[in-house]
Amino acid sequence: MPELPEVETVRRGLSGLIVGKTIRAASTDNPKSFPNAQTDVDEFMIGAEITAIHRRAKVLLIELSTDYTLMVHLKMTGQLVFVANGVRFGAGHPNDSLVNALPDRSTRVTINFTDGSTLYFNDQRKFGWVRLLPTLEVPEIDFMKKVGPEPLAADFTAEQFAARFTRRAKTSIKAAFLDQSVVAGVGNIYADESLWGAKIHPTRLVGSVTKDEFALLYSELRDVMNLAIEKGGSSNQNYVNAEGKKGSYMDFARVFRREGQECPRCHSVIEKSRVAGRGTHTCPVCQLP
DNA sequence: CACTTGACCTGTCCGC
DNA sequence: TGCGGACAGGTCAAGT
C-alpha cells in the first residue's frame, strides 16, 4: 500500500498508540525482514521507550530513548498493526471483528510492550524491512543520502521541483517521477493521478515538459497527496488503515485503477498501459503523448 | 553518469 | 477444477 500519504497516515495513527510505551521483547522469524535483530535488540531495544515517530519519504523512523531508531520500510505489502487487549488497530482506531488474529503467516516482526500490547510488522511479500541503528547514523545510510526533498514541505517551491528533473532529461516523466532521488514519496498511484491532473502523458520525455507544465504538476502532486492524507490514504480491500476509515482515497481517484471508466474531465475512456515497467493509467484525450 | 531490465517474494486473478 | 503466466501501491543490483 505505501506511498507518502499512506506512510504518513500510519505515522499519525501509530504516534497516538505507541509513543510512551516501553519495549519488553522483539523478535523476527525472517532475518531479511529485520537483519540486525539478533545482534542489537537486547542491548538497544529491550527496556527502551518509544519517544517519537517521524517519516522521511516512505520510511518510518521510530525513535527510542536509547538514541537508537527503528527504521521501517513497508515496500509493497508491509503493514504495522497494533493489538491491545485483544483489539486490533490498523494504525489508528479499532477495527471490526472481521480481522484474523495475529500473528499470522505474514507476520515478520513482533514487538511486545511492557503493558501487554503488541506491534506487528506484517509483510506478505517480504520486500519490506525493519532496521535498528543509532539515530545519529540514520542520515548516513544510502537511502537517506540519495532521497530527494519532501514534496509537501512548506519551503519546497515549484522552481525547485522542476530543477530536480533536469538530471533526467532523457527518460520519461513517469520514470523520473518515480525516482526517489528526484522527489521523495511519489509512487505509482500518485504519479498517475497527478500526471492526469496536469494533463501530461507519462511517456513524455522530461526534456519536453515545459516550465508551466512542471508548475502544474507540482501543484497537482501536492493537492493529490494532501487530499490522500486527509482521506487516510489509499487501501486495497484487506488493509486496515488509520482513523478506522480504511483509507478512502481510491474513492476519489480519477484514473488509477479506473481503466474502462470515464475520464471525469472529458468523459473519454481511461486506458491502461505499461510505462517505466509499471501499470499506467491515462486519459487518451486529456494526456497526449 | 544516466537509463533499462530483472530480481527480490507471495498471492491472486484470468485465460486456456 | 487445474495450471501457467501476468501482475501487484517499491526499491536495488546489475547490465548497456
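These numbers come from the heavy atoms of this one structure, side chains and all, not from hydrogens, waters or symmetry mates.
The side chain of A:T77 places no N or O atom within less than 4.0 Å of a non-bridging phosphate oxygen (OP1 or OP2) of B:dC9. At least one side-chain nitrogen or oxygen of A:Q180 sits closer than 4.0 Å to the OP1 or OP2 atom of C:dT11. Residue A:H73 places at least one side-chain N or O closer than 4.0 Å to OP1 or OP2 of C:dT11.
In this structure, CZ of A:R55 is placed 14 Å from P of C:dG10, rounded to the nearest angstrom. If you take CD1 of A:I173 and P of B:dA2, they are 16 Å apart, rounded to a whole angstrom. Distance CE (A:M225) to P (C:dG9): 15 Å, rounded to an integer number of Å. B:dC9 atom P lies 9 Å from atom CG of A:N30, rounded to whole Å. Nucleotide C:dT11 holds its P atom 12 Å from the CD1 atom of A:I141, rounded to whole Å. Whole-Å rounding puts the A:D179 CG to B:dC3 C1' distance at 10 Å. Between A:D29 atom CG and B:dT10 atom C1' there is a gap of 14 Å when expressed in whole angstrom units. Rounded to whole Å, atom C1' of C:dG9 lies 14 Å from atom CD of A:E259.
Rounded to a whole angstrom, the distance from the P atom of C:dC3 to that of B:dC9 is 25 Å. Distance check on atom P: B:dC14 versus C:dG9 gives 15 Å, rounded to whole Å. Remark: the separation of the C1' atoms in C:dA6 and B:dG6 is 15 Å, to the nearest Å.
Residue pairs that meet the ring-ring contact (aromatic ring centres under 6.0 Å, His included) test with at least one member in residues 20-67 of chain A, sequence neighbours left out, are A:F44-A:Y68.
Of the listed nucleotides (B:dT4, C:dC12, C:dG9), C:dG9 has the atom at the smallest distance from the side chain of A:M76. The side chain of A:R167 has B:dA2 as its nearest neighbour among C:dG9, B:dA2, C:dC7. Among the nucleotides C:dG9, B:dC9, B:dT4, the one closest to the side chain of A:A175 is B:dT4. Checking B:dT4, C:dG10, B:dC9 against every side-chain atom of A:N188, the shortest atom distance belongs to C:dG10. Taking only side-chain atoms of A:K272, from C-beta outward, the nucleotide of C:dG10, C:dC12, C:dC7 with the closest atom is C:dC7. Of the listed nucleotides (C:dA8, B:dT10, C:dC12), C:dC12 has the atom at the smallest distance from the side chain of A:K146. Checked against C:dG9, C:dC12, B:dT10, the side chain of A:F143 finds its nearest nucleotide in C:dC12. Comparing B:dC3, B:dT10, C:dG10 against the side chain of A:K170 picks out B:dC3 as the nearest. Closest to the A:R105 side chain, of the nucleotides C:dG9, B:dC3, B:dG11, is B:dG11.
With 3.5 Å as the limit, one finds no donor-acceptor pair spanning the side chains of A:Y218 and A:S194. Under 3.5 Å, the side chains of A:D212 and A:T210 contain no donor-acceptor pair of N or O atoms. In summary, the side chains of A:S181 and A:R167 do present a donor paired with an acceptor at a separation below 3.5 Å, with no hydrogens or angles considered. A:K174 and A:T280 form a side-chain donor-acceptor contact under 3.5 Å, judged by distance and modelled atom types alone.
Ring centroids of A:Y190 and A:Y249 are separated by less than 6.0 Å, placing the two rings close together.
Within the cation-pi definition used here (under 6.0 Å to the ring centroid, within 45° of the axis), A:R265 qualifies as a partner of A:W196.
No contact: A:G128 has no heavy atom under 4.0 Å from any strand. Residue A:R108 is out of contact with every strand shown, counting any heavy-atom pair closer than 4.0 Å.
Across all strands shown, B:dA2 forms a Watson-Crick or G-U wobble pair, both distances under 3.5 Å, with C:dT16. Of all nucleotides present, none satisfies the Watson-Crick or G-U wobble test against C:dG9 with each distance under 3.5 Å.
Checked for salt-bridge contact, A:E193 and A:R254 meet the test: a charged N lies under 4.0 Å from a carboxylate O.
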Quick one: which protein N/O atoms are closer than 3.5 Å to N/O atoms of nucleotides 6-8 of chain B? Pair and distance per line, please.
none

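Shortest non-hydrogen contact noted between A:P139 and A:T135 is CD-O, 3.7 Å.
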